[in-house]
K.L.:
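Before anything else, here's the structure in question.
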Amino acid sequence: MLTLHRILYQRQIQVFLLLLFVVSCRKPDQVLPDGPNTINVEATVPALIYSNVKEVYLDACRTISLNSRRAMFFNWSCTSFPVASGKPRIIDSTRALAWIEKPGIGQYVFKLTVKDNLGNMAESSYALDVMEDTLVGKKPIAKAGPDLQIQAPKHTVFLDAYETFSFNPRGRKLLFKWTVIQQPAGSFLNNFISDEYSSLVNVSKEGSYKFRLQVENELGLEASDTMEVKVLPDPYKGTTRVFENVEWKRIPGAWGDDLAIIIYDPDYFIERYISNMEVKVWDVDKKDWFDPNNFGWYSTWEGNLIIKYSHLDDEEVFVKLVGVKTRVQVKFL
């Protein structure tokens, strides 16, 4: 017969085994990874400016996004500066975005120190060279380019003021503005053309066009120049030309082969459209002109007239017409 002492002992053993089982089945506590031990530093400081610039920004905002989920602490300092100008005062030096005002001429080195709330620290240095302003007392020079003369149906001209750069200090910003100050009656060009140094312009009416180029430098000083474009009448307007012995050919197309006639003649076919040219193709079998609905045509910048047969799904047409020589009539409107 078990004694009370023996029973209590067995119960203790059972409780111990139960606790041991529970402990052995429990998942181990997750070990958190160590925090980052480096700081990625990225900042923008201009390498070269001129003395007309009154504010220079020291921008390390990118560093914040590169080191997310951490508190970041910044400190900008100037470690080297021209003696004549003295050490510049850095405004908001403990922020990611700081700046200095009216830096003197000479070379500077700015040091950025970044710390985080994990005890990490990183440093980076940036050089800034302030040069004497090359624009003081100098108006810009504008060069609109030489006058042009084209013949209709050509109706696009390229306004190009690139020459302006070679007449002004290198590396300095210039603002351009093209406007039209004269155009033929019936032409509806907007007065403002472009704010780029070059522009492609549509001069669709015969007559004289005059364009003004305005150039402004960083100091707000301006200069202007003009250039003229004369659009002469179409020399072929009202005439008809027939091209004999042109051949239907099989050429590669976007969705398979195309059936086409190609005539190259830049004197006739540059900038031709249905508004200034009419095309007819001779049907050799029927001894008559094709129905215009059976083909389409377009011209290219190189001077090609390309006529394509429209019924691409008709293989019999390919077999029948490939290699056939015919004639094409063009009427200039």
Side-chain angles (χ1 to χ4, degrees), residues 46 48-53 131-237 239 264-277 298-306 332-333:
L48 172 65
I49 63 169
Y50 293 89
S51 56
N52 65 300
V53 177
M131 299 187 66
E132 185 176 0
D133 189 5
T134 57
L135 302 181
V136 173
K138 294 182 180 180
K139 287 186 63 176
I141 297 174
K143 290 291 182 180
D147 295 340
L148 300 176
Q149 182 172 288
I150 63 173
Q151 282 187 320
K154 295 179 182 178
H155 59 81
T156 52
V157 292
F158 189 61
L159 307 180
D160 187 5
Y162 185 78
E163 187 184 14
T164 299
F165 291 109
S166 63
F167 283 86
N168 290 279
R170 292 181 178 272
R172 305 310 300 269
K173 183 179 180 181
L174 293 173
L175 299 178
F176 294 85
K177 182 180 180 181
W178 285 98
T179 54
V180 58
I181 56 177
Q182 176 186 317
Q183 56 184 310
S187 176
F188 299 101
L189 276 179
N190 292 327
N191 287 338
F192 172 71
I193 299 295
S194 173
D195 58 3
E196 302 290 338
Y197 71 83
S198 62
S199 180
L200 198 63
V201 180
N202 187 343
V203 286
S204 57
K205 291 288 184 180
E206 298 172 10
S208 179
Y209 297 77
K210 185 169 286 187
F211 299 93
R212 174 184 287 125
L213 169 68
Q214 292 177 286
V215 176
E216 180 182 333
N217 65 15
E218 296 172 26
L219 299 183
L221 301 176
E222 295 183 349
S224 65
D225 190 21
T226 61
M227 62 92 65
E228 185 177 11
V229 176
K230 289 184 178 179
V231 183
L232 303 180
D234 183 352
Y236 302 113
K237 186 175 183 178
T239 66
Y264 174 72
D265 196 324
D267 287 340
Y268 289 108
F269 299 132
I270 291 180
E271 297 196 47
R272 291 291 181 183
Y273 310 94
I274 58 173
S275 60
N276 58 40
M277 192 172 75
Y298 61 92
S299 67
T300 68
W301 284 98
E302 295 81 13
N304 286 302
L305 171 62
I306 301 177
F332 302 102
L333 306 177

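Quick note: residue numbers are just sequence positions, from 1.
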K.L.:
Please report the C-alpha distance between Val201 and Ile193 in whole Å, then the side-chain angles of each, then the deciding distance to 0.1 Å, and finally whether the side-chain contact (heavy atoms from CB on, under 4.5 Å) criterion is met.
P.N.:
CA-CA 8 Å; Val201 180; Ile193 299 295; 3.6 Å; yes
K.L.:
So, for Gly145 and Met227, which heavy atoms are closest and what is the spacing to 0.1 Å?
P.N.:
O-CB, 3.6 Å
K.L.:
Do side-chain atoms of Asp160 reach the backbone of Tyr162 as a donor and acceptor pair under 3.5 angstrom?
P.N.:
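Confirmed, Asp160 side chain pairs with Tyr162 backbone.
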K.L.:
So, Asp234 side chain and Tyr236 main chain: donor-acceptor pair closer than 3.5 Å or not?
P.N.:
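Yes; judged by distance alone, with no hydrogens or angles, the pair exists.
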K.L.:
CZ of Arg272 to NZ of Lys154: how many Å apart, nearest 0.5 Å?
P.N.:
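Spacing of CZ (Arg272) from NZ (Lys154) equals 10.5 Å.
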K.L.:
Please say whether more than 12 non-hydrogen atoms of neighbouring residues, nucleotides or ligands are located less than 6.0 Å from CZ in Phe188.
P.N.:
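No, CZ of Phe188 has 12 or fewer neighbouring heavy atoms, counting only those of other groups under 6.0 Å.
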K.L.:
What's the shortest heavy-atom distance between Ala144 and Asp225, and which atoms?
P.N.:
N-OD2, 2.9 Å
K.L.:
For Ile274, is the CD1 atom crowded, meaning more than 12 foreign heavy atoms sit under 6.0 Å from it?
P.N.:
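Not more than 12 within 6.0 Å, no.
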K.L.:
So does Tyr50 get a backbone contact from the side chain of Asp133, meaning a donor-acceptor N/O pair under 3.5 Å?
P.N.:
no
K.L.:
Could you pull out the closest heavy-atom pair between Ala152 and Pro235, with the gap in Å?
P.N.:
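Between these two residues, the closest heavy atoms are O-CD, 3.5 Å.
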K.L.:
Please determine whether side-chain contact (heavy atoms from CB on, under 4.5 Å) holds for the pair Phe211 and Leu159, giving the CA-CA distance in whole Å, both sets of side-chain angles, and the decisive distance to 0.1 Å.
P.N.:
CA-CA 9 Å; Phe211 299 93; Leu159 307 180; 3.9 Å; yes
K.L.:
Yes or no on ring-ring contact (aromatic ring centres under 6.0 Å, His included) for Phe332 and Tyr268, after CA distance, side-chain angles and deciding distance?
P.N.:
CA-CA 9 Å; Phe332 302 102; Tyr268 289 108; 5.5 Å; yes
K.L.:
Would you say the side chain of Ser208 lies within less than 4.5 Å of the side chain of Gln182, judging by non-hydrogen atoms?
P.N.:
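SC-SC contact between Gln182 and Ser208 confirmed.
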K.L.:
Would you call Glu222-Lys139 a salt bridge at under 4.0 Å N-O?
P.N.:
no
K.L.:
Can you tell me how far NZ of Lys138 sits from CG of Leu221, rounded to the nearest 0.5 angstrom?
P.N.:
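The distance works out to 12.0 Å.
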K.L.:
Quick one: pull up OG in Ser187 and CD in Glu206 and give me the separation to the nearest 0.5 Å.
P.N.:
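One gets 12.0 Å once the value is rounded to the nearest 0.5 Å.
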K.L.:
Say you draw a straight line from CG of Leu219 to CG of Leu135; how long is it, rounded to the nearest 0.5 Å?
P.N.:
5.0 Å
K.L.:
Output yes when a side-chain donor or acceptor of Trp178 lies under 3.5 Å from a complementary backbone atom of Glu196, and no otherwise.
P.N.:
yes
K.L.:
Of the non-hydrogen atoms in Pro140 and Ala223, which two are nearest, and what is the gap between them?
P.N.:
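Scanning both residues, the minimum pair turns out to be O-CB, 3.0 Å.
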K.L.:
Heavy-atom distance under 4.5 Å between the side chains of Asp147 and Val229, does that happen here?
P.N.:
no
K.L.:
With rounding to the nearest 0.5 angstrom, report the CG to CG distance, Leu200 to Asn202.
P.N.:
8.5 Å
K.L.:
Check whether any side-chain heavy atom of Phe167 sits under 4.5 Å from a side-chain heavy atom of Lys143, and report yes or no.
P.N.:
yes
K.L.:
Measuring from Met277:CE to Phe269:CZ, what's the distance to the nearest 0.5 Å?
P.N.:
5.5 Å
K.L.:
Can you tell if the side chain of Thr156 reaches within under 4.5 Å of the side chain of Ile150, non-hydrogen atoms only?
P.N.:
no
K.L.:
On the ring face of Phe165, is Arg170 found with NZ or CZ under 6.0 Å from the centre and within 45° of the axis?
P.N.:
no
K.L.:
Tell me whether the guanidinium CZ or amine NZ of Lys230 lies under 6.0 angstrom from the six-membered ring centre of Tyr209 and within 45° of its axis.
P.N.:
no
K.L.:
Is the backbone N or O of Ser194 less than 3.5 Å from a side-chain atom of Ser199, with the two atoms forming a donor-acceptor pair by type?
P.N.:
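A pair under 3.5 Å: no.
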K.L.:
Which atom pair, heavy atoms only, marks the closest approach of Lys205 to Gly186?
P.N.:
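That would be CE-O, 3.5 Å.
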K.L.:
Tell me whether the rings of His155 and Tyr273 are parallel (<30°), tilted (30 to 60°) or perpendicular (>60°).
P.N.:
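The arrangement is tilted - the two ring planes meet at 30° to 60°.
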K.L.:
Do the non-hydrogen side-chain atoms of Asn217 and Asn168 ever get within less than 4.5 Å of each other?
P.N.:
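Side-chain contact under 4.5 Å: no.
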K.L.:
Can you find a heavy atom in the side chain of Glu218 that is under 4.5 Å from one in the side chain of Asn52?
P.N.:
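They are in side-chain contact.
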K.L.:
Going by heavy atoms in the side chains, are Thr134 and Arg172 under 4.5 Å from each other?
P.N.:
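In contact.
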K.L.:
Does the side chain of Leu174 come within less than 4.5 Å of Thr164's, by heavy atoms?
P.N.:
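The answer is yes; the side chains approach within 4.5 Å.
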K.L.:
Stepwise, does the side-chain hydrogen bond (donor to acceptor under 3.5 Å, both in side chains) test hold for Thr300 with Glu302?
P.N.:
CA-CA 5 Å; Thr300 68; Glu302 295 81 13; 3.1 Å; yes
